[in-house]
Enquirer: 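One structure follows; several queries about it will come next.
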Amino acid sequence: MDKRPVRDSLLLDSHFQPIYSLAHRRTVGLEALLRASEQGRPLSPPEVYERYIRRDERVAMDLAVCAAHCQRFAAMAHTHRWLFLNVDAMTMSDPKQAAELGNLIRAAGIAPQSVVLEVLEQAIELDARLLEGVAMLREQGCLLAIDDFGVGHSNLDRVCSLEPDFVKFDRNLLRSAVNQQRTRNLLSRLVRLMHEIGALVVVEGVESESDVVVALDSGCDLVQGFYVARPAAQPDADTLITPRLDAKWDELMNRELLRRKLNRRQLELSRQAFVQTAIALMQGSEFRFAAQPMLALPDVIRCFLLDHEGRQKGRNLNARQLSEEDNLRFAPLEDTTGAVWSRRTYFQHAIDQPGVLYMSEPYLSMTDTRTCVTLSMAIEIDEEMHVLCTDVLLPR
């Protein structure tokens, strides 16, 4: 499609960036990006939009850009792919203009079900007009994506209220996850949280091999960024994209297999030591002596004993002493004598199945805020039911 003139010498053009499904191993969407020029000089999107200060002018410009994108996308004849359109929240919050947006999508010959409307998360204000505009377009079949989630003051309530089909994670969230293990763990949990509210997750800003590995590891659904493909009038085909991502997927799987092998070996040693400790307790050994096989293992953090109601008996038996600094940091949590852990899954599973060894999912320990798993088993000591527990670190 030819570039479309808007207001004198301003010309609008479109580039498209692939949005790639990791599971399907193919491009499932294209984000339309504005490429504008004036008298041969390129203009960035902010330079274009900053010319239109009045609300009606800005909305008119936004609709003109969307129309240009739709017409070019339709001319490219992409089947079974979504068109991701960036839409100003101002346009969406005016039901009349939202209806016009729906009309121009259909006028371009595109089914509304093929269009994903992207709205910046930070620009959303949950008022009745915005919700009305969104509802109108969704009734027509359009899908909704929240863009740039994770930047600034992100609001989960705001996201949940709009019930988006997609949530696009801001590139800075990925940058942080690449550099910090805690953010990397958080990224995976945020992906699961978005899945729970019914949204697919797009990780944006995938620009390096490290980015790809972290994105793959997060469990996200779709990826977008320069490493996948750069924006272009005719974007890269999957014959170019898929081999790049397959290579990183194979690398991640090999790493995951090694991690699981290490985990299995470590946990098998832990299980053997745990059973020794349980037998010694049932035979009448004092807890601090019975626990020695467990406490001798390098990845064991602590052992503790609960009664049949989940109440801790005595203090933790720590595998090693904390530093003086950590002793001070966690002093309010150190003494767990009498603490009640009956709501923990490791207690509930153990007490329901006496004699069966249970291993919890990884979780954050309240005692020293380290991520661990807990091994537990309900056993009889002096004819009373107890639950033996051991916290174990997993290899990274």
Enquirer: Does Ser342 offer a backbone N or O that forms a donor-acceptor pair with the side chain of Arg311 under 3.5 Å?
Expert: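 The answer is no, because no donor-acceptor pair under 3.5 Å joins these two groups.
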
Enquirer: Same cluster for Phe84 and Leu144 if Ile/Leu/Val/Met/Phe/Trp/Tyr side chains link at under 4.5 Å?
Expert: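 No, no single cluster joins them.
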
Enquirer: Gln348 and Thr345: side-chain hydrogen bond (donor to acceptor under 3.5 Å, both in side chains), yes or no, with the steps?
Expert: CA-CA 5 Å; Gln348 295 170 356; Thr345 56; over 6 Å; no

Enquirer: Does the Asp94 side chain pair with the main chain of Met90, one donor and one acceptor, at a distance under 3.5 Å?
Expert: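 Here the side-chain-to-backbone pair does not exist.
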
Enquirer: When rounded to the nearest 0.5 angstrom, what distance separates CG in Asp62 from CG in Leu101?
Expert: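 The CG atom of Leu101 is 8.0 Å from CG of Asp62, to the nearest 0.5 Å.
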
Enquirer: So that I can tick it off, tell me whether Arg25 and Asp238 are bridged by a salt bridge, with the cut-off set at under 4.0 angstrom between side-chain N and carboxylate O.
Expert: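 The answer is no: the pair does not qualify as a salt bridge.
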
Enquirer: For a quick test of reading the model, state the closest non-hydrogen atom pair linking Leu63 to Gln97 and the distance between them.
Expert: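 Taking Leu63 first and Gln97 second, the nearest heavy atoms are CD1-OE1, 3.2 Å.
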
Enquirer: Between the main-chain N or O of Ala339 and the side-chain N or O of Thr336, is there a donor-acceptor pair closer than 3.5 Å?
Expert: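 The answer is no, because no donor-acceptor pair under 3.5 Å joins these two groups.
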
Enquirer: Report yes if some heavy atom in the side chain of Phe169 is under 4.5 Å from a heavy atom in the side chain of Val167; otherwise report no.
Expert: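 Yes, their side chains come closer than 4.5 Å.
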
Enquirer: Report yes or no: does Asp211 contribute a side-chain atom to a donor-acceptor pair with the main-chain N or O of Ser208 at less than 3.5 Å?
Expert: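 Yes: the side chain of Asp211 pairs with the backbone of Ser208.
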
Enquirer: If you define the side chain from C-beta out and look only at heavy atoms, does anything of Leu131 sit under 4.5 Å from Leu162?
Expert: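 Result yes, sub-4.5 Å side-chain heavy-atom pair found.
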
Enquirer: State whether Phe347 and Arg344 meet the cation-pi test: NZ (Lys) or CZ (Arg) under 6.0 Å from the six-membered ring centroid, and within 45° of the perpendicular axis.
Expert: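 Negative - Arg344 is either too far from the ring of Phe347 or too far off its axis.
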
Enquirer: Using a strict threshold of under 4.0 Å (side-chain N to carboxylate O), is an ion pair present between Arg171 and Glu204?
Expert: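 Looking at Glu204 and Arg171, the cut-off is not met.
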
Enquirer: At their closest point, which heavy atom of Ser93 faces which heavy atom of Arg129, and how far apart are they?
Expert: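 That would be O-CB, 3.0 Å.
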
Enquirer: Do Val387 and Met377 pass the side-chain contact (heavy atoms from CB on, under 4.5 Å) test, and can you show the C-alpha distance, the side-chain angles, and the key distance before you say yes or no?
Expert: CA-CA 5 Å; Val387 175; Met377 182 191 291; over 6 Å; no

Enquirer: Mind checking whether Thr277 and Leu388 have side chains closer than 4.5 Å, heavy atoms only?
Expert: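 The answer is yes, as the side chains (C-beta and beyond) meet within the 4.5 Å cut-off.
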
Enquirer: Hey, is CG on Asp352 packed in by over 12 heavy atoms from elsewhere, all under 6.0 Å?
Expert: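 Counting neighbours around CG of Asp352, more than 12 heavy atoms of other residues, nucleotides or ligands fall under 6.0 Å, so yes.
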
Enquirer: Using modelled atom types and a 3.5 Å cut-off, is there a donor and acceptor pairing between side-chain atoms of Arg41 and backbone atoms of Ser37?
Expert: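 Not at all, since once roles are kept as given, no pair shorter than 3.5 Å links the two residues.
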
Enquirer: Looking at Asp88 and Arg55, is any side-chain nitrogen of the basic one under 4.0 Å from a carboxylate oxygen of the acidic one?
Expert: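 Between Asp88 and Arg55 there is no salt bridge, as every charged N stays at least 4.0 Å from the carboxylate O atoms.
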
Enquirer: Is there a path from Met282 to Leu317 through hydrophobic residues (I, L, V, M, F, W, Y) whose side chains come within less than 4.5 Å of each other?
Expert: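 Yes, Met282 and Leu317 fall within the same hydrophobic cluster.
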
Enquirer: If you look at every heavy atom in His69 and Phe16, which pair is closest and at what distance?
Expert: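 It is O-CZ, 4.0 Å.
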
Enquirer: For the side-chain contact (heavy atoms from CB on, under 4.5 Å) test, which of Ser176, Ser218, Cys220 pairs with Leu187?
Expert: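 It is Ser218, the one option of Ser176, Ser218, Cys220 that forms the side-chain contact (heavy atoms from CB on, under 4.5 Å) with Leu187.
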
Enquirer: With under 30° as parallel and over 60° as perpendicular, where do the rings of Trp82 and Phe166 fit, or are they tilted in between?
Expert: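 Trp82 vs Phe166 ring planes: perpendicular.
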
Enquirer: Identify the two heavy atoms, one from Met294 and one from Cys303, that lie closest to each other, and give their separation to 0.1 Å.
Expert: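 Between these two residues, the closest heavy atoms are CB-SG, 3.6 Å.
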
Enquirer: Establish, from distance only, whether the side-chain atoms of Gln272 and Gln276 form a donor-acceptor pair under 3.5 Å.
Expert: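 Judged by distance alone, the side chains do not pair up.
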
Enquirer: Between Ile197 and Met194, is the side-chain contact (heavy atoms from CB on, under 4.5 Å) condition met? List the steps.
Expert: CA-CA 5 Å; Ile197 68 173; Met194 293 303 128; 3.8 Å; yes

Enquirer: Atom OG1 of Thr371 and atom CD of Glu361: how far apart are they, to the nearest 0.5 Å?
Expert: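 That separation rounds to 12.5 Å.
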
Enquirer: Between Asp56 and Arg54, does any NZ, NE, NH1 or NH2 come within less than 4.0 Å of an OD or OE carboxylate oxygen?
Expert: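 Answer for the salt bridge query: yes.
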
Enquirer: For Asn172 and Asp170, does a side-chain donor sit closer than 3.5 Å to a side-chain acceptor?
Expert: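 Side chains of Asn172 and Asp170: pair found under 3.5 Å.
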
Enquirer: Is the backbone N or O of Val228 less than 3.5 Å from a side-chain atom of Arg244, with the two atoms forming a donor-acceptor pair by type?
Expert: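 It does hold such a pair.
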
Enquirer: List the steps and the verdict of side-chain contact (heavy atoms from CB on, under 4.5 Å) for Leu222 and Leu22.
Expert: CA-CA 6 Å; Leu222 312 172; Leu22 296 169; over 6 Å; no

Enquirer: So, taking the atom named CE in Met385 and the one named CG in Leu306, what distance separates them when rounded to the nearest 0.5 Å?
Expert: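 The distance works out to 13.0 Å.
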
Enquirer: Please tell me if the side chains of Pro235 and Met76 come closer than 4.5 Å, counting only heavy atoms from C-beta onward.
Expert: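 Pro235 vs Met76: side chains touch.
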
Enquirer: Using side-chain heavy atoms (C-beta onward) and a distance below 4.5 Å, is Leu33 in contact with Asn86?
Expert: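 A side-chain contact under 4.5 Å exists here.
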
Enquirer: Between Arg138 and Asp165, does any NZ, NE, NH1 or NH2 come within less than 4.0 Å of an OD or OE carboxylate oxygen?
Expert: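 Yes, this pair counts.
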
Enquirer: Please test Thr374 against Tyr363 for side-chain hydrogen bond (donor to acceptor under 3.5 Å, both in side chains), starting from the C-alpha separation and ending with a verdict.
Expert: CA-CA 9 Å; Thr374 296; Tyr363 70 99; 2.6 Å; yes

Enquirer: Yes or no on salt bridge (charged side-chain N to carboxylate O under 4.0 Å, His left out) for Lys168 and Asp148, after CA distance, side-chain angles and deciding distance?
Expert: CA-CA 6 Å; Lys168 302 186 77 175; Asp148 284 354; over 6 Å; no

Enquirer: Any link between Leu245 and Val28 through a network of hydrophobic side chains (Ile, Leu, Val, Met, Phe, Trp, Tyr) touching at under 4.5 Å?
Expert: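 The answer is no; the residues belong to distinct hydrophobic clusters.
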
Enquirer: Working to the nearest 0.5 Å, report the span between CG of Leu190 and CG of Leu173.
Expert: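 It is 6.0 Å, given to the nearest 0.5 Å.
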
Enquirer: Can you find a heavy atom in the side chain of Glu118 that is under 4.5 Å from one in the side chain of Ile146?
Expert: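 Glu118 vs Ile146: side chains apart.
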
Enquirer: Would Arg302 and Asp391 count as a salt bridge (charged side-chain N to carboxylate O under 4.0 Å, His left out) if you check the C-alpha gap in whole Å, the side-chain angles of each, and the deciding distance to 0.1 Å?
Expert: CA-CA 5 Å; Arg302 65 185 69 86; Asp391 292 343; 2.6 Å; yes

Enquirer: Are any side-chain N or O atoms of Asp299 and backbone N or O atoms of Leu393, one a donor and one an acceptor, separated by less than 3.5 Å?
Expert: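 No.
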
Enquirer: Just do the side-chain contact (heavy atoms from CB on, under 4.5 Å) check on Val116 and Cys142 with the steps written out, would you?
Expert: CA-CA 6 Å; Val116 181; Cys142 292; over 6 Å; no

Enquirer: Check whether any side-chain heavy atom of Leu305 lies under 4.5 Å from a side-chain heavy atom of Gln312, and answer yes or no.
Expert: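 They are not in side-chain contact.
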
Enquirer: Between the side chains of Tyr20 and Thr242, is a donor N or O closer than 3.5 angstrom to an acceptor N or O?
Expert: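 Yes.
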
Enquirer: Donor-acceptor pair, distance only, cut-off 3.5 Å: does the side chain of Glu384 make one with the backbone of His386?
Expert: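 No: the side chain of Glu384 does not pair with the backbone of His386.
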
Enquirer: Examine Val373 and Leu364 and state if one hydrophobic cluster contains both, with Ile, Leu, Val, Met, Phe, Trp and Tyr joined whenever side-chain heavy atoms are less than 4.5 Å apart.
Expert: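 No; Leu364 is not reachable from Val373 via cluster members.
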
Enquirer: Show the nearest heavy-atom pair for residues Leu375 and Phe274, with the distance to one decimal.
Expert: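 In terms of heavy atoms, the two residues are closest at O-CE1, 3.6 Å.
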
Enquirer: Under the 3.5 angstrom rule, does the side chain of Ser21 hit a backbone N or O of Arg26 as a donor-acceptor pair?
Expert: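 Not a single qualifying donor-acceptor pair exists.
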
Enquirer: Ring-plane angle category for Tyr346 and Phe304, please: parallel below 30°, perpendicular beyond 60°, tilted otherwise.
Expert: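 The arrangement is perpendicular - the two ring planes meet at more than 60°.
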
Enquirer: According to a 4.5 Å side-chain heavy-atom criterion applied to Ile, Leu, Val, Met, Phe, Trp and Tyr, with indirect links allowed, do Leu156 and Val119 form part of one hydrophobic cluster?
Expert: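 Per the 4.5 Å side-chain linkage, Leu156 and Val119 are co-clustered.
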
Enquirer: Could you tell me whether a side-chain N or O of Glu31 sits under 3.5 Å from a main-chain N or O of Ile19, the two making a donor and an acceptor?
Expert: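 No, because the side chain of Glu31 does not come within donor-acceptor range (under 3.5 Å) of the backbone of Ile19.
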
Enquirer: Are side-chain heavy atoms of Asn103 and Gln140 found at a separation under 4.5 Å?
Expert: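 Answer no - side chains too far apart.
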
Enquirer: Just checking, is any N or O donor in the side chain of Asn185 or Gln181 under 3.5 Å from an acceptor N or O on the other one?
Expert: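 Present: a donor and an acceptor within the cut-off.
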
Enquirer: For Glu286 and Arg288, work out which heavy atoms get closest and say how close.
Expert: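 Closest approach of Glu286 to Arg288, heavy atoms only: OE2-NE, 2.7 Å.
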
